[in-house]
Amino acid sequence: MRRPRGEPGSRAPRPTEGATCAGPGESWSPAPNSMLRVLLSAQASSARLSGLLLLPPVQPCCLGPNKWGDHRPPGGGPHAGPVQGLQRLLEQARSPGELLRWLGQNPTKVRAHHYPVALRRLSQLLGSLPQPPPVEQATLQDLSQLIIRNCPSFDIHTIHVCLHLAALLADLPAQKTEMRRTEDSLTKTAGLQKSRAAPSLPPLTLCLSGFPSDGPLMCALEQERRFRLPPKPPPPLPPILRGGQRLEAALSCPRFQRRPQQHLIRSLAEARPEELTPHVMVLLAQHLARHRLREPQLLEAIAHFLVVQEAQLNSKVVQKLVLPFGRLNYVPLEQQFMPCLERILAREAGVAPLATVNILMSLCQLRCLPFRALHFVFSPGFINHVSGTPHALIVRRYLSLLDTAVELELPGYRGARLPRRQQVPIFPQPLITDRTRCKYSHKDIVAEGLRQLLGEEKYRQDLTVPPGYSTDFLLCVSSCGSVLPVRAQDPFLPYPPRSCPRATRDPAQRVVLMLRERWHFCRDGRVLLGSRALRERHLGLMGYQLLPLPFEELESQRGLPQLKSYLRQKLQALGLHWGPEGG
């Protein structure tokens, strides 16, 4: 009668599918199912459990000039040569002494890749076996000296492998201590009682006293590794920077560009006049404009440099030097600043069209437009010249803004103007800074406050009015101050104002609520940037009544109820009322 599988006296079960059987001298590498059965088996020894959990099976070593070393894989074929036979003997050695004997007795058969094989087998003997045999100190020292004597003939790959294996051998005492701790914890978890007569792990002091991390073997291998690496060139000595050179080096540093420093003034004061080159001053101007730094002393230095170096500067450099003045809304005290720019524009206007209109854009923000330059850029010859260039659209947009400035701010101008067919919207979409910082804006909460306070039909959000200026919130108000539904009115005032006079009968007033966010100001937080000031100035000249909402006041409101009360006070201060009870 066939016994049921698993009863006492029955045959041993066949190996499960996927389990690998170890050959002579090979470590056992269980498949997942067989490892799980061993871990769950009550008869599994604690040492075997520790080995399975802590020490992964050592993978076969692939060394030498090809996949299988010098000749063939270990144990492969009846025609394996003597070199391959030595590798097989090393892989099947049963003790460190036997390893050393195979290496010492076959000097003509030993190749460079045999030493990593010997170190790997030594790590198996000392780390993978449950009870490693005791190792004599002289044996390890002899093996170490043998590797040290032959390592000059190793290639770089063999040196790296020997270093890795020697480091693993040096770490084995710590691994053994961790195995002991894991053994105790597994024994307690499984409810197994240790027998007093059970053999303990051998003392760790017998293992690797000859392979310390700072011993001769590791030092020799590390020295060979460094010798094979290409030599590094010595680092260049830092040059002694003075004045303008130090300023240029600081402004060119990415870290410095992200975090503006205040020692710019000191660096500029220590520079000699001949050290302040156009490149240095351009870097300084770009730094001030990028970080919204309204530093009068630095801006005056740029203006003075521009006046002194007028003859040596072309319009492409001048446009970069003038950029921070318009962006930071700063008119320099240098009296020759404007006459100098007019002379440069007269000399360079036809050479670089885009640079010319960029300079005029900066001057437009400062309300300092020269008539002679306007005559030139509005001439048919200049317009036809830029129409076929790659930057034609941006030039037409700038010319449209300049034409608006002439219409609103220069009533005495009688020169050429931009033809209507050439005009385009000035700002067809929100500015880049507003798009990138939209998550920090107060626009959403202000919109919700207006919706609850006035109703959705009493305001328009993000409306662009001719000739292309965007408005945050727009209200239509009757002459008596009543807020009217926007969709029932024409929200746009006529542009240009003088060509379309208003009707004499009760016109509706347009009130624009302008958010003044933190990034709309210079770094000091008091002066609006030039582009923002220009927009508000032109909207006011077109007839819109402006109601600024500064960021300090918006940030001080705590929650929507407070914000609604704040908006109510702002609107009522203008004399506005809405709803059956005026809000």
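None of the values given here were measured: they were computed from a predicted structure.
Under 4.0 Å is where a charged nitrogen must lie from a carboxylate oxygen, and between R437 and E517 no such pair does. A salt bridge does not link E536 with R532: none of the charged nitrogens is closer than 4.0 Å to a carboxylate oxygen.
With 3.5 Å as the limit, one finds no donor-acceptor pair spanning the side chains of H442 and E555.
Of the possible donor and acceptor atoms, one in the side chain of Q509 sits under 3.5 Å from a partner among the backbone N and O of G543. A donor-acceptor pair under 3.5 Å is formed between the side chain of R535 and the backbone N or O of S470. The closest donor-acceptor contact from the side chain of H577 to the backbone of C480 lies under 3.5 Å. For the pair E295 (side chain) and L288 (backbone), a donor-acceptor distance under 3.5 Å is absent.
Ring centroid separation for the pair Y544 and Y469 does not come in under the 6.0 Å cut-off.
Crowding of F227 atom CZ: a count of heavy atoms from other residues, nucleotides or ligands under 6.0 Å not exceeding 12. A 6.0 Å sphere centred on CZ of R487 holds no more than 12 heavy atoms belonging to other residues, nucleotides or ligands. Within a 6.0 Å sphere centred on CD of E456, heavy atoms belonging to other residues, nucleotides or ligands number 12 at most. The neighbour count for K316 NZ, taken as heavy atoms of other residues, nucleotides or ligands under 6.0 Å away, does not exceed 12. Within a 6.0 Å radius of NZ in K458, more than 12 heavy atoms belonging to other residues, nucleotides or ligands are found. Within a 6.0 Å sphere centred on CD of Q297, other residues, nucleotides and ligands contribute 12 heavy atoms or fewer.
Between the CG atom of L313 and the CG atom of L341 there is a distance of 10.5 Å, given to the nearest 0.5 Å. The distance from the CZ atom of R294 to the CG atom of L529 is 10.0 Å, given to the nearest 0.5 Å. Here the CG-CE distance, from L474 to M514, works out to 10.5 Å after rounding to the nearest 0.5 Å. To the nearest 0.5 angstrom, L567 atom CG is 10.5 Å from E553 atom CD. Within the model, atoms SG of C162 and NE2 of H157 stand 9.5 Å from one another, a figure rounded to the nearest 0.5 Å.
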Determine, stepwise, if the pair E407 / R417 fulfils salt bridge (Lys or Arg N to Asp or Glu O under 4.0 Å). CA-CA 9 Å; E407 176 70 37; R417 295 282 300 275; 3.0 Å; yes

Start with the C-alpha distance between D403 and S400, add both sets of side-chain angles, then the distance that settles side-chain hydrogen bond (donor to acceptor under 3.5 Å, both in side chains), and finish with yes or no. CA-CA 5 Å; D403 187 78; S400 299; over 6 Å; no

Dump the intermediate steps for ring-ring contact (aromatic ring centres under 6.0 Å, His included) on H375 and F382, then the final yes or no. CA-CA 10 Å; H375 279 285; F382 181 85; over 10 Å; no

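Using cut-offs of 30° and 60° for the angle between ring planes, the F325 and F337 rings count as tilted.
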